[in-house]
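Structure first, then comments.
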Amino acid sequence: MSERLRNIFTIGVLAIAAVVVLTLVLTTPTEADRAATIGEQIKCPVCQGESIWNSPATMARDMMALVEERISEGATDEAIIDELLSSYSGALLLDPPAAGNTLALWIAPLIVLMLGAGVIVWWRRHPGEEQPAGEALPSGSGNRRALVGGLILIGSISGAVVVAGFFLQDRDGTSAGVANQEVENLDEVSNETMEAVIAANLDNPQVSGMRLALAERYYGVNDYSSAFPHYLAVAEAPNATSGEVVTALVRLGWMAWDGNAEVEAALGLFDQALAIDPSASTASYLKAQVLWCGNNDPEGAAALFATVLSDPDLGNDSRELVETDLAAVSAGEPCR
């Protein structure tokens, strides 16, 4: 290979590396792009399969406002996603978030490729002590040097592929833990699988969200005995969010009353939930039901029904139900 061809080869390699670097720099997302990307990855806790980016629900709008606030404060995408998942019960990942290993996956091959090109340039300019300066290279030396340079470049690219494979494997390796379970749609995961994942990740700070999701399944089919230990674990978990704890306490309170007619225990659990979140309408409504039906306290029940009706976010169906109950208890009718 002639000197000119070697120069063209070297310049081409460096030019490609420069183009790749420039492309990465120019494609850095704006704050609006980041917010949209994050929002499209998070499942709305109160919606049917919608992301918080696409949902008009009040909770989804609040979550997007938090995303935008954290972006303006300089938080990373991974930190924002972790905060959303830990702060909002029922929030799940629709797609895996961009993480530090993803960034390494882009950068590592580029670095290895540039190092390989650098080695070629250095090697060309330092032919070795055995070759006196000013002497022509032996016949065939240029071809050998070109061949070795090509092998170095191929080796660099192979190294890049190996590095990329390592990071991809590392990312896929999380499937045994809770993190990858959250990437999946939990509607497609069996109760048995969720039980196994929870049992294997009891120390994971995000396991409370999965416990709560599983408990809600059991609760929805009135399987209180299966739901109880999960709700209790969430209520006592030091790393559970306030929303998760309130939900667990409310469910435990209703199961105490509906399953065992334990009036005092139920009222105590509702009071604990309301002490954490006084605006928890579900806790107030169910406490009113127990006061009305189990504690013979229609006045207390009526006051709580009125409090629930003052919630501006109360849905139309729920409002109609509470209004009916308030009218009945105010008229002295027996509980329904």
Side-chain angles (χ1 to χ4, degrees), residues 45-47 57-59 62 87-90 191 208-238 240-336:
V46 295
C47 311
T58 301
M59 180 177 289
D62 290 343
S87 300
Y88 291 89
S89 175
N191 292 356
S208 294
M210 183 170 284
R211 271 193 182 279
L212 196 59
L214 180 57
E216 291 285 84
R217 286 188 182 183
Y218 292 136
Y219 181 87
V221 295
N222 294 324
D223 185 359
Y224 290 170
S225 61
S226 296
F228 177 82
H230 291 295
Y231 282 132
L232 183 62
V234 173
E236 296 177 345
T241 67
S242 59
E244 290 171 343
V245 174
V246 167
T247 298
L249 290 171
V250 170
R251 297 305 198 206
L252 288 169
W254 184 251
M255 289 192 299
W257 159 248
D258 188 47
N260 298 313
E262 298 178 5
V263 175
E264 294 302 322
L267 293 176
L269 289 163
F270 292 140
D271 286 340
Q272 289 182 49
L274 290 168
I276 297 172
D277 182 7
S279 65
S281 296
T282 302
S284 295
Y285 176 75
L286 294 180
K287 180 181 178 181
Q289 287 285 349
V290 174
L291 289 175
W292 184 15
C293 302
N295 206 45
N296 193 27
D297 185 4
E299 292 183 358
L304 282 176
F305 285 142
T307 298
V308 174
L309 289 173
S310 66
D311 182 358
D313 296 325
L314 194 65
N316 292 333
D317 292 342
S318 298
R319 186 172 297 278
E320 182 178 347
L321 175 63
V322 179
E323 288 175 345
T324 300
D325 286 340
L326 178 58
V329 73
S330 299
E333 297 179 11
C335 72
R336 301 183 303 111

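Sequential numbering from 1 along the given sequence is applied to the chain's residues. Values below: all heavy atoms of this structure, side chains included; hydrogens, waters and symmetry mates excluded.
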Trace of the side-chain contact (heavy atoms from CB on, under 4.5 Å) decision for Arg251 with Glu216: CA-CA 9 Å; Arg251 297 305 198 206; Glu216 291 285 84; 2.9 Å; yes
side-chain contact (heavy atoms from CB on, under 4.5 Å) evaluation trace for Tyr285 with Thr307: CA-CA 9 Å; Tyr285 176 75; Thr307 298; over 6 Å; no
Test side-chain contact (heavy atoms from CB on, under 4.5 Å) applied to Thr282 and Trp254, step by step: CA-CA 10 Å; Thr282 302; Trp254 184 251; over 6 Å; no
Check against side-chain contact (heavy atoms from CB on, under 4.5 Å), Ser279 and Asp311: CA-CA 8 Å; Ser279 65; Asp311 182 358; over 6 Å; no
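For the pair Ile276 and Leu249, the minimum side-chain heavy-atom distance is below 4.5 Å. Counting only heavy atoms from C-beta outward, the side chains of Asp325 and Gln289 approach each other to under 4.5 Å.
Every residue two or more places apart in sequence or in another chain was checked for a ring pair (Phe, Tyr, Trp, His ring centres under 6.0 Å) with Phe228, and none qualifies.
Leu274 and Ala280 make their closest contact through CD2-O, 3.7 Å (heavy atoms, listed as atom of the first residue, atom of the second, distance). Ala227 approaches Met255 most closely through the heavy-atom pair CB-SD, 4.3 Å. Across all their heavy atoms, Trp292 and Pro334 have their closest contact at CZ2-O, 3.4 Å. Nearest heavy-atom pair, Val263 versus Asn295, reported as atom, atom and distance to 0.1 Å: CG1-OD1, 3.9 Å.
Of the possible donor and acceptor atoms, one in the side chain of Thr247 sits under 3.5 Å from a partner among the backbone N and O of Gly243. Here the side chain of Asn260 pairs no donor or acceptor atom with the backbone of Glu262 at under 3.5 angstrom.
Taken from CG in Leu267 to CG in Asp297, the straight-line distance is 9.0 Å, to the nearest 0.5 Å. Going from atom OG of Ser318 over to atom CG of Leu309 covers 10.5 Å, rounded to the nearest 0.5 Å.
Annotation: Tyr219 is in aromatic contact with Tyr224 [ring centroid separation under 6.0 Å].
When only modelled atom types and interatomic distance are considered, Asp223 and Ser225 share a side-chain donor-acceptor pair under 3.5 Å. With hydrogens and angles left out, the side-chain atoms of Glu236 and Tyr231 include no donor and acceptor closer than 3.5 Å.
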